[in-house]
4 protein chains.
Amino acid sequence: MSKKNKPTNQKEMSFIEKARRTQIVECAIETIAEVGYAQASLGQIAKRANISKGVISYHFSNKEELLEQIPIEYYLAWQAYVAPRIEAQTSPKDMLRVYIESNFAFIDENRQHVFAVIEVVSNKRTDDGKLQFAAGHDEAILLPIENILTLGMQEGVFREFTRSSARVMALTIRHAIDGFTLELVRKPHLDVQEYARELVTLFDKSTKK
Amino acid sequence: MSKKNKPTNQKEMSFIEKARRTQIVECAIETIAEVGYAQASLGQIAKRANISKGVISYHFSNKEELLEQIPIEYYLAWQAYVAPRIEAQTSPKDMLRVYIESNFAFIDENRQHVFAVIEVVSNKRTDDGKLQFAAGHDEAILLPIENILTLGMQEGVFREFTRSSARVMALTIRHAIDGFTLELVRKPHLDVQEYARELVTLFDKSTKK
Amino acid sequence: MSKKNKPTNQKEMSFIEKARRTQIVECAIETIAEVGYAQASLGQIAKRANISKGVISYHFSNKEELLEQIPIEYYLAWQAYVAPRIEAQTSPKDMLRVYIESNFAFIDENRQHVFAVIEVVSNKRTDDGKLQFAAGHDEAILLPIENILTLGMQEGVFREFTRSSARVMALTIRHAIDGFTLELVRKPHLDVQEYARELVTLFDKSTKK
Amino acid sequence: MSKKNKPTNQKEMSFIEKARRTQIVECAIETIAEVGYAQASLGQIAKRANISKGVISYHFSNKEELLEQIPIEYYLAWQAYVAPRIEAQTSPKDMLRVYIESNFAFIDENRQHVFAVIEVVSNKRTDDGKLQFAAGHDEAILLPIENILTLGMQEGVFREFTRSSARVMALTIRHAIDGFTLELVRKPHLDVQEYARELVTLFDKSTKK
DNA sequence: TATGAATGAGGATTCATTCAT
DNA sequence: AATGAATGAATCCTCATTCAT
């Protein structure tokens, strides 16, 4: 794994090409979610898609390139879902609540995808074996939370945060959400809304003045 | 993977046998921590241990059996470290603080082991492909936290928790700790003590009346 | 490879068809010359021709049929180049000189083509695995040299050759030329004319009475 | 192909290991000689050796490493055969004769090996597709001939050679020998000794004063 | 107990070829 | 006439596991 993987010049991708790629990525997600990263061979994925292994190689230069799409697509969908909901809020407290609630709703509606992302991301390594993202919190993912915290602090509704303590707060919120995801994998019948409510309370208290 | 795996009748394990097994598990931990789950073949592990691949098969009926030792040993060491420190406390608030602090200290001192556990556990699946432990929170791991919460509630220093909200609280604390671990993988120079302090504050506030 | 390969009934080949075939063969030559026989897949060739892979299959029933064109075309061009130049000579000695010189000139002007021929021919095998042409000296290629030798012998300017020793002589001349070609591949800056001159001297001496 | 290929630290190679490697190389030679380079897959080679494919991978890190042994072994055997025979001669003329004769004898006795070498060498390419040795005349192979020519010149029995014309002479002799090899592939019943004799005459004349 | 050797299944990838459009 | 898409066989390689010594 991990050579060049040029992302297949997007300008020139036909409609049908895009559809196929999407379908294959979809199947990869299902496969990883159901049998796990290690067992998700191209063969397995192809079988689930009812296509031949070669088709995958035809549309993706690499297994790596295929797997990369999973977090990419996820992140885009996540942002499209979460961002507008937060922007619709005015108070930082509501923003934080909505951040948690919309994340939970999004996860609930995209269980397989979330889980596949976790698997891919937690198995992605650089050539020298180092984990590339670990549980993988890009700045891009933490930033919205940190912004909410800053805003709440400026408005005087949240307690004081240093740069560092804001970061810990943000990370803890993310970890709570991500951790919940894994919990959901084990116990699919968890009451998602109740869990979300509890978390809202918890972080409400922990951010209060 | 995952056939019978008879755990090598423990009565009859000689001292030297135990030592060998320990040594091999140790090397497995190092290997996984350094090159990742996928690359941690028996060959790699054997090479690191300066023994032949066959030795591993001789001492463990399976790769699976070998890997299982990693969380098992970890759990025992974790308990031996954390439990007495909590028991030394009298107030629930201090218990919670010490729970967090001692977990952080333990992680800091056993980085490789923690990381290997994460890898093993997040790749461990039942024969039908289901994740066996997910982020892996046995009741045994959550119980101590829940006990602290109950105690604090009874003593009137913590807010009211339903069974369900206590569980969410406990899970969130665990997720914060586990999430921090992954963060530590990515950023080994994180200030562990400061992070712990922040977390203590955070959960102090969120449990307060 | 190697099934029927009907050579596309030549009567019915349109002009455009011929042009396409020629273009494709041209690209095959370039590809083989540059990346080598093993890497010269239809995909590579098509890419270089800026056409789709399918086009090749459309115009040639086989990869085999395509590759066959390379030595065929080469032989025709070679003959058209060399034959008249020899015929313009009167003395056997000059003929031999011109044979060598014109071969060298031809090779120099058609380096890619020569090299592709070598690759194709040295990889071409019958269905039972036997090399089909080896270094590929058809009678047709040796004949002109043997004719020159015979003539020179009859005119008394060359030494006596038995049928068998004439054949060795002819082969050696060919091998010298073909060997030079490979040398040229490795060292493209070789002084072709000087090499030719040396070879003329060498074979002049070796044929002398 | 063509990554690191560390040549398996030779110090530590056991007897049985060496034997196996030799056997496998032997089979690779046979396979290449009989079915050709392109068809000589590890599977084919393993089948001929009556071993499983994995055995090859066990003893050689690469297909590349395996194939490399073929010319290496050949060169060593060739040198061991030819060198002492030449050194046993006193006159340059005899040396040249013996060089040709012993090469022919060696080829005759090692037909498969010679042929395999040709295939390997003519398919060996650098990563950027350039032929690595072409027909592959290392200095090491040409040097003995050039030494003979120089000696003959100094003793006044050979004609004058410039550095460049000596090289052409040497190359031509090699090409004659290598070309004969290919001829032998096509026509296994060639009279080797007669061919050698003819070549001796030919080069005798062409080196004469 | 330990080892080197061997196995064979499974994985990713490449490729000639076919086919509907 | 041409193309993009799909196929499935074949290839090299890795690896857990077994076994004789």
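Lettering follows sequence order; numbering is per chain, from 1.
- Summarising the local packing, CD1 of B:I16 is surrounded by 12 or fewer heavy atoms from other residues, nucleotides or ligands at distances under 6.0 Å.
- A:Q23 meets the side chain to side chain donor-acceptor pair (under 3.5 Å) test with A:R20; sequence neighbours excluded.
- Both A:V55 and C:V55 lie near DNA chain F, and the one whose nearest nucleotide falls closer to the 5' end is C:V55.
- Considering only side-chain N and O atoms, A:Y58 lies under 4.0 angstrom from the phosphate OP1 or OP2 of F:dA5.
- Atom CG of B:N50 and atom C1' of E:dA2 are 14 Å apart (whole Å).
- The NZ-C1' distance, from B:K47 to E:dA2, rounds to 19 Å in whole Å.
- Taking the ring pair (Phe, Tyr, Trp, His ring centres under 6.0 Å) definition, one finds that D:Y74 meets it with D:F106, D:H113, sequence neighbours left out.
- Rounding to the nearest 0.5 Å gives a distance of 10.0 Å between CG of C:L66 and OG of C:S61.
- A straight line from CZ of C:R21 to C1' of F:dA1 spans 15 Å, rounded to a whole angstrom.
- Between C:S52 and F:dA5, a side-chain N or O to OP1/OP2 separation shorter than 4.0 Å is absent.
- Contact annotation: C:N62 does not reach the phosphate of E:dA16 (side-chain N/O to OP1 or OP2, under 4.0 Å).
- Taking the nucleotide of DNA chain E with the nearest heavy atom to each of C:S57 and D:R20, the more 5' of the two is matched to D:R20.
- Listed by chain and number, the residues in a side chain to side chain donor-acceptor pair (under 3.5 Å) with C:Y58 amount to none (sequence neighbours excluded).
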Name the pairs: protein N/O against N/O of nucleotides 9-11 of chain F, kept only if under 3.5 Å.
none

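- Rounded to a whole Å, the CG atom of B:L66 is 15 Å from the P atom of F:dC15.
- In this structure C:E34 satisfies the side chain to side chain donor-acceptor pair (under 3.5 Å) test together with C:R48, C:Q112, sequence neighbours excluded.
- At distances below 3.5 Å, at least one donor-acceptor pair connects side-chain atoms of A:R21 with backbone N or O atoms of A:H59.
- Between A:I56 atom CD1 and E:dC15 atom C1' the separation is 17 Å, expressed in whole Å.
- Without hydrogens or angle criteria, D:E119 side chain to D:F115 main chain gives no donor-acceptor distance under 3.5 Å.
- At whole-Å resolution of the value, CZ in D:F15 and C1' in E:dG4 are 15 Å apart.
- In this structure, C:E64 places its CD atom 14 Å from C1' of E:dT17, rounding to the nearest Å.
- Looking only at side-chain heavy atoms (C-beta outward), B:L67 and B:Y37 come within less than 4.5 Å of each other.
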* According to the Watson-Crick and G-U wobble definition with distances under 3.5 Å, which dot-bracket string, read 5' to 3', encodes DNA chain E, using [ ] for crossing pairs and | for pairs with another strand? -> .||||||||||||||||||||
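- Regarding contacts with the backbone of F:dA2, a side-chain N or O of C:H59 is found under 4.0 angstrom from either OP1 or OP2.
- Taking atom CD1 on D:I45 and atom C1' on F:dC13, their separation rounds to 14 Å, with Å as the unit.
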